[in-house]
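Take a look at this one; I'll ask things after.
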Amino acid sequence: MEPLHHQKHHSSQLRSNLTFISLLLVCVVYLSIWSSSSSINPLFAIEEHNECVSQNQTNMFVEPQDELEATLSRASMENKTVIIAVVNKAYAVQDVRADTTMLDLFIESFWQGEGTRELIDHLVVVAVDQTAYHRCRFLRLNCYKLETDGVDFGGEKIYMSQDFIQMMWKRTWFLLEVLKRGYSFVFTDTDVVWLRNPFTKLSNNETEDLQISTDMFFGDPWNTTQLINTGFYYIKSNNKTIALFDKWYNLKDNATGLKEQDVLLNLLRGGIVPELGLRVRFLDTIYFSGFCQNSRDVREVSTVHANCCRSIVAKVQDLKAVLRDWKKFKKVVSHKRVDLNVTAKTFQWTGHWGCWNSWKVPASNGKRKLPNNTGKATHKA
């Protein structure tokens, strides 16, 4: 017979084992009840929770945007308006003898202008060749590469050459696509320098569909005989403007010897405005000027366009002079004792000698002459 203290030890150990087994059974029963009464197995709760989140994310998934839509959306203002410029290699890359490019001058004007720096975020630079696209990306701009169906738009396109005309029509097609996507825009050539925020001078009247610059302004902003320039305009996206651009672009094959600007001018003069119920404002060169007609008031000018000019070298030379004139003016009027009105009256733009001379071409008698500037839109660049 075992001693009493041994019997007590075995009895205590047996009770401990029974207690452990009881607790284990309780846990098993509890888990069984939980599993049968719940659609979620606690052992896989985290996994199934993640699956639910994944399903919710799938339900909220938005169809991916194409590259153009993504670029426009990124640059858009709250009212779905963007600024668009088209650039090629000749405008984006320096020549061996050059110290700057047209694109660089264009971007520099946003820095030098009044109220223009923040507008750079809304600018879409459309590159028509790979080099221009790489340059745009290097400058950290909003860039879009326009496919050109194998056509080389990289080199300088001399005014009114076949390549020049073809590139202008490709541009028109692209801008029609932007309108169809519901985006209003300011289109600007890159040979336009922005000295002030142009939106402060553009009409905010919602009934106006198109506001377009002129080579020379004749005083009536509604006169359809104005000499338009498609190098700067503001257009609203609506059914009327889409119809206008669609009609315009579809005339390209019946426009031999004409650039797209001439075709649009003929449309505006030919009755398309009342036909489509358009409201078209022609912009005063006081605010939206160019080399064809200088602004008469430096206190009001917003943009200066190197129009009436034939070559890139000439445009760059004279636009550099415009920015120098602008910086000198700002420096002078920054002094407190200077009278702005007096300074403005005595201000004069530097002569656009590069562009004036760019029109000189060899004549048949060996002399050089300027073109016959008859006032027709076809001589504008």
Side-chain angles (χ1 to χ4, degrees), residues 62-63 65-86 119 121-126 142 144 146 168-189 192 194 197-214 220-252 255 259-284 287-288 302-303:
V62 178
E63 185 177 349
Q65 298 174 330
D66 64 16
E67 186 179 351
L68 176 56
E69 183 64 32
T71 304
L72 293 171
S73 178
R74 185 167 58 247
S76 179
M77 302 176 191
E78 290 183 1
N79 63 351
K80 211 173 181 184
T81 298
V82 295
I83 302 165
I84 298 176
V86 176
L119 295 179
D121 294 333
H122 305 296
L123 172 66
V124 174
V125 176
V126 180
N142 292 311
Y144 178 75
L146 179 62
M168 294 302 99
W169 281 117
K170 185 67 176 181
R171 182 178 83 178
T172 305
W173 172 86
F174 171 78
L175 296 173
L176 171 58
E177 179 64 23
V178 174
L179 286 176
K180 287 179 176 179
R181 290 170 180 251
Y183 288 91
S184 303
F185 59 83
V186 167
F187 176 80
T188 174
D189 279 342
V192 177
W194 290 39
N197 183 343
F199 288 101
T200 63
K201 301 299 180 183
L202 291 167
S203 171
N204 58 9
N205 189 327
E206 291 297 325
T207 67
E208 294 179 21
D209 303 296
L210 172 64
Q211 300 177 60
I212 189 166
S213 64
T214 56
D220 181 359
W222 309 109
N223 183 353
T224 56
T225 64
Q226 299 276 6
L227 296 176
I228 64 168
N229 193 302
T230 52
F232 184 93
Y233 57 89
Y234 176 36
I235 188 164
K236 305 278 184 64
S237 174
N238 57 45
N239 291 335
K240 293 181 290 183
T241 56
I242 291 171
L244 171 65
F245 267 57
D246 193 50
K247 176 74 171 177
W248 181 20
Y249 181 71
N250 285 329
L251 289 172
K252 67 180 176 60
K259 62 183 182 298
E260 42 48 87
Q261 179 173 290
D262 302 327
V263 176
L264 179 59
L265 177 62
N266 291 337
L267 275 175
L268 295 176
R269 290 178 172 180
I272 195 73
V273 172
E275 179 185 327
L276 295 178
L278 289 161
R279 289 266 291 171
V280 180
R281 177 187 291 272
F282 300 92
L283 298 172
D284 195 328
Y287 311 111
F288 303 94
S302 289
T303 60

List the steps, then state whether side chain to side chain donor-acceptor pair (under 3.5 Å) holds for E208 with S203. CA-CA 8 Å; E208 294 179 21; S203 171; 3.2 Å; yes
Min side-chain heavy-atom separation Y233-Q211 under 4.5 Å: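 Contact flag for Y233/Q211 side chains = no.
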Counting neighbours of CG on N205 that are heavy atoms of other residues, nucleotides or ligands and sit closer than 6.0 Å, is the number greater than 12?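 Counting neighbours around CG of N205, more than 12 heavy atoms of other residues, nucleotides or ligands fall under 6.0 Å, so yes.
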Measure the shortest side-chain to side-chain distance between I84 and Y183 over non-hydrogen atoms and say whether it is less than 4.5 angstrom.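 A side-chain contact under 4.5 Å is absent here.
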Could you tell me if the side chain of D189 sits less than 4.5 Å from the side chain of R171, heavy atoms only?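 R171 vs D189: side chains touch.
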Backbone N or O of T225 within a donor-acceptor pair of the R269 side chain at under 3.5 Å?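 Checked: pair present.
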Quick check for you: to the nearest 0.5 Å, what is the distance between L210 atom CG and I212 atom CD1?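 Nearest 0.5 Å value for the CG-CD1 distance: 5.0 Å.
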Carefully, step by step, assess T224 and V280 under the rule side chain to side chain contact (heavy atoms under 4.5 Å, CB included). CA-CA 8 Å; T224 56; V280 180; over 6 Å; no
CG of L268 to CG of N223: how many Å apart, nearest 0.5 Å?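 Answer for the CG-CG pair, L268 versus N223, is 11.0 Å.
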Any donor and acceptor pair, going by atom type alone, linking the side chain of S237 with main-chain N or O of S184 inside 3.5 Å?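 Not confirmed, S237 side chain does not pair with S184 backbone.
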CD1-CG distance between I235 and L244, expressed to the nearest 0.5 angstrom: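 The CD1 atom of I235 sits 6.0 Å away from the CG atom of L244.
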Has K201 got a side-chain atom pairing as donor or acceptor with F288's backbone, closer than 3.5 angstrom?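 The answer is no, because no donor-acceptor pair under 3.5 Å joins these two groups.
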Side chains of L119 and P198 in contact at under 4.5 Å (non-hydrogen atoms):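 Yes, close enough: below the 4.5 Å cut-off.
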Can you name the closest pair of heavy atoms from W248 and L267 and give their distance?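 It is CA-CD1, 3.7 Å.
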Which heavy atom of A75 sits nearest to which heavy atom of N142, and what is that distance?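 Of all heavy-atom pairs spanning A75 and N142, the closest is CB-ND2, 3.7 Å.
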Parallel, tilted or perpendicular: ring planes of F185 versus F245, cut at 30 and 60 degrees: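 Perpendicular: the ring planes of F185 and F245 meet at over 60°.
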Can K252 be said to sit on top of Y249's aromatic six-ring, NZ or CZ under 6.0 Å from centre and within 45° of the ring axis?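 Positive - K252 is close enough to the ring of Y249 and near enough to its axis.
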In the structure I gave you, are the side-chain heavy atoms of V86 and L146 within less than 4.5 Å of one another anywhere?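 Not in contact.
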Where do T241 and K236 come nearest, in terms of heavy atoms and distance?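 Looks like OG1-O, 2.6 Å.
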Within this structure, what is the CG-OG1 distance for the pair L265 and T230, rounded to the nearest 0.5 Å?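 L265 CG to T230 OG1: 10.0 Å, rounded to 0.5 Å.
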Spacing of Q226 atom CD and T214 atom OG1 [to the nearest 0.5 Å]: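 It is 5.5 Å, given to the nearest 0.5 Å.
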Under 4.5 Å between any side-chain heavy atoms of N250 and D246, yes or no?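 SC-SC contact between N250 and D246 confirmed.
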L264 side, atom CG; N229 side, atom CG - distance, nearest 0.5 Å: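 Interatomic distance, L264 CG to N229 CG, rounded to 0.5 Å: 10.5 Å.
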Would you say F199 and V186 make side-chain contact, with heavy atoms under 4.5 Å?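 Yes; the side chains approach each other to less than 4.5 Å.
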Counting neighbours of NZ on K247 that are heavy atoms of other residues, nucleotides or ligands and sit closer than 6.0 Å, is the number greater than 12?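 No - once you tally the heavy atoms of other residues, nucleotides and ligands closer than 6.0 Å, there are 12 at most.
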I'd like to know whether CG of D220 has more than 12 heavy-atom contacts from other residues, nucleotides or ligands below 6.0 angstrom.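 Yes - once you tally the heavy atoms of other residues, nucleotides and ligands closer than 6.0 Å, there are more than 12.
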Exercise: identify the closest heavy-atom pair between R181 and K80: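 Answer, listing the atom of R181 first, then K80: O-NZ, 3.2 Å.
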Which atom pair, heavy atoms only, marks the closest approach of V192 to G231?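 That closest heavy-atom pairing would be CG2-O, 3.9 Å.
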Side chain proximity check, V263 to W169, heavy atoms < 4.5 angstrom: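 A side-chain contact exists here, since the closest heavy-atom pair is under 4.5 Å.
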